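Shown next, in structure tokens, is the structure this report addresses.
Only a predicted model underlies this, so the values are computations on that prediction, with no experimental measurement involved.
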Amino acid sequence: MSMLWVKAFHLIFMVCWFAGIFYLPRLFVNHASVTDVATRQRLSLMEAKLYRFITPFMFLTIGFGLWLASYNWNYYLGSGWFLGKITLVAALVVYHFYCGVCVRRFQRNQDSRAPVFYRVFNELPVLVLFAVIILVVVKP
């Protein structure tokens with residue numbers, strides 16, 4: 001498979017992953033805001049389904065990213081911008097799995113955080129996306 005195809009799939013899966021990782025914490029904001037049992041159950045179902053849906057995109061993003069880097073490991077591992085990107089991607093993976101913890105807490109009605117926590121939490125992947133795009137395009 002040519003490098004351009006690998007890059008295209010890396011970007012496609014990254015966009016899919018980020019779409020979900022942007023929306024899931026927004027569901028948490030709504031979940032933390034409501035008291036109606038039926039609405040909370042509906043949100044729990046939506047959160048669990050979305051989390052299961054986006055998790056393969058995370059793995060595919062990482063897999064295609066590693067495949068892309070394998071075309072020239074020496075260059076990438078010697079580039080500060082790439083190491084910064086990998087660090088941010090690792091942080092985003094931790095964020096993703098923490099979202100899974102939150103999904104399970106909401107399912108068990110054990111999450112007592114205020115909606116404002118999730119509003120701030122919701123902004124973190126946006127900052128990661130900005131930083132990764134700048135690192136990859138500008139290569140500072």
Side-chain angles (χ1 to χ4, degrees):
M1 187 180 291
S2 103
M3 185 172 144
L4 293 177
W5 280 104
V6 175
K7 186 184 290 188
F9 283 118
H10 175 63
L11 291 170
I12 289 166
F13 294 129
M14 182 273 303
V15 169
C16 294
W17 180 27
F18 266 94
I21 213 74
F22 286 160
Y23 187 55
L24 184 58
R26 192 68 220 160
L27 290 173
F28 297 159
V29 172
N30 294 328
H31 199 145
S33 301
V34 298
T35 56
D36 177 63
V37 175
T39 304
R40 292 178 68 81
Q41 288 174 338
R42 171 69 61 176
L43 287 168
S44 283
L45 180 64
M46 291 171 64
E47 292 157 358
K49 285 183 175 186
L50 180 59
Y51 185 74
R52 279 192 308 272
F53 181 73
I54 66 172
T55 298
F57 292 133
M58 175 189 67
F59 288 114
L60 288 165
T61 300
I62 292 167
F64 277 93
L66 290 172
W67 188 356
L68 194 58
S70 74
Y71 282 97
N72 195 348
W73 280 118
N74 291 333
Y75 166 72
Y76 287 112
L77 294 177
S79 300
W81 68 267
F82 182 75
L83 298 176
K85 174 190 173 179
I86 293 301
T87 301
L88 290 170
V89 170
L92 192 63
V93 168
V94 170
Y95 180 93
H96 179 98
F97 285 121
Y98 184 73
C99 284
V101 170
C102 294
V103 166
R104 288 184 291 283
R105 282 186 189 154
F106 277 121
Q107 286 177 325
R108 294 186 309 257
N109 290 318
Q110 293 177 337
D111 195 283
S112 59
R113 290 191 177 91
V116 70
F117 170 83
Y118 289 109
R119 283 192 180 93
V120 173
F121 183 72
N122 187 46
E123 302 306 323
L124 297 176
V126 174
L127 299 175
V128 170
L129 179 64
F130 284 1
V132 167
I133 296 293
I134 290 168
L135 286 170
V136 170
V137 172
V138 179
K139 295 179 178 57

Subject >> Which residues share a side chain to side chain donor-acceptor pair (under 3.5 Å) with Y23, sequence neighbours left out >> reply: none

**OP:** Apply the test side chain to side chain contact (heavy atoms under 4.5 Å, CB included) to residues F18 and L92: give CA-CA distance (whole Å), side-chain angles for both, the deciding distance (0.1 Å), then the verdict.
**Re:** CA-CA 10 Å; F18 266 94; L92 192 63; 3.3 Å; yes

Original post:
If you group Ile, Leu, Val, Met, Phe, Trp and Tyr by side-chain heavy-atom gaps below 4.5 Å, do M14 and V94 land in one group?
Top reply: no

Subject >> T55: side-chain contact (heavy atoms from CB on, under 4.5 Å) partners, not counting sequence neighbours >> reply: Y51, M58, F59, H96

**OP:** Please lay out, stage by stage, how F106 and L43 fare under the test side chain to side chain contact (heavy atoms under 4.5 Å, CB included).
**Re:** CA-CA 9 Å; F106 277 121; L43 287 168; over 6 Å; no

Subject >> From L4 atom CG to L68 atom CG, the distance as rounded to the nearest 0.5 Å >> reply: 9.5 Å

**OP:** Nearest 0.5 Å please: distance from the CG atom of L77 over to the CG atom of N72.
**Re:** 9.5 Å

Give the table of side-chain donor-acceptor pairs shorter than 3.5 Å for residues 32-40, with sequence neighbours excluded, one pair per line with atom names and distance.
residue, atom, partner, partner atom, Å
S33, OG, V29, O, 2.7
D36, OD2, T39, N, 2.9
D36, OD2, T39, OG1, 2.6
R40, NH1, H31, O, 2.9
R40, NH1, V34, O, 2.9

Original post:
Between S79 and W81, is there a donor-acceptor pair closer than 3.5 Å when you use the side chain of the first and the backbone of the second?
Top reply: no

**OP:** First locate atom CD1 of I54, then atom CG of L60, and finally report the distance between them rounded to the nearest 0.5 Å.
**Re:** 12.5 Å

Subject >> Distance (rounded to the nearest 0.5 Å) between M46 CE and L24 CG >> reply: 10.0 Å

**OP:** Please answer whether the main-chain N or O of F64 pairs with a side-chain N or O of H10 as donor and acceptor at a distance below 3.5 Å.
**Re:** no

**OP:** Please say whether more than 12 non-hydrogen atoms of neighbouring residues, nucleotides or ligands are located less than 6.0 Å from CZ in R113.
**Re:** yes

Review item, side-chain donor-acceptor pairs of residues 115-140, under 3.5 Å, at least two apart:
residue, atom, partner, partner atom, Å
Y118, OH, D111, OD1, 2.9
Y118, OH, D111, OD2, 2.5
K139, NZ, V136, O, 2.7

Subject >> By side-chain contact (heavy atoms from CB on, under 4.5 Å) - contacts of A48 (at least two apart) >> reply: R52, V103, Q107

**OP:** Applying ring pair (Phe, Tyr, Trp, His ring centres under 6.0 Å), name anything that partners F97, two or more places apart in sequence or on another chain.
**Re:** none

Original post:
For the atom pair CZ (R104) and SG (C99), what is the distance rounded to the nearest 0.5 Å?
Top reply: 10.5 Å

Original post:
After noting the C-alpha distance and the side-chain angles of Y71 and Y75, does the key distance pass the ring pair (Phe, Tyr, Trp, His ring centres under 6.0 Å) rule?
Top reply: CA-CA 9 Å; Y71 282 97; Y75 166 72; over 10 Å; no

Original post:
Are F53 and L45 joined in one hydrophobic group, where the rule is that I, L, V, M, F, W and Y side chains link up if heavy atoms are under 4.5 Å apart?
Top reply: no

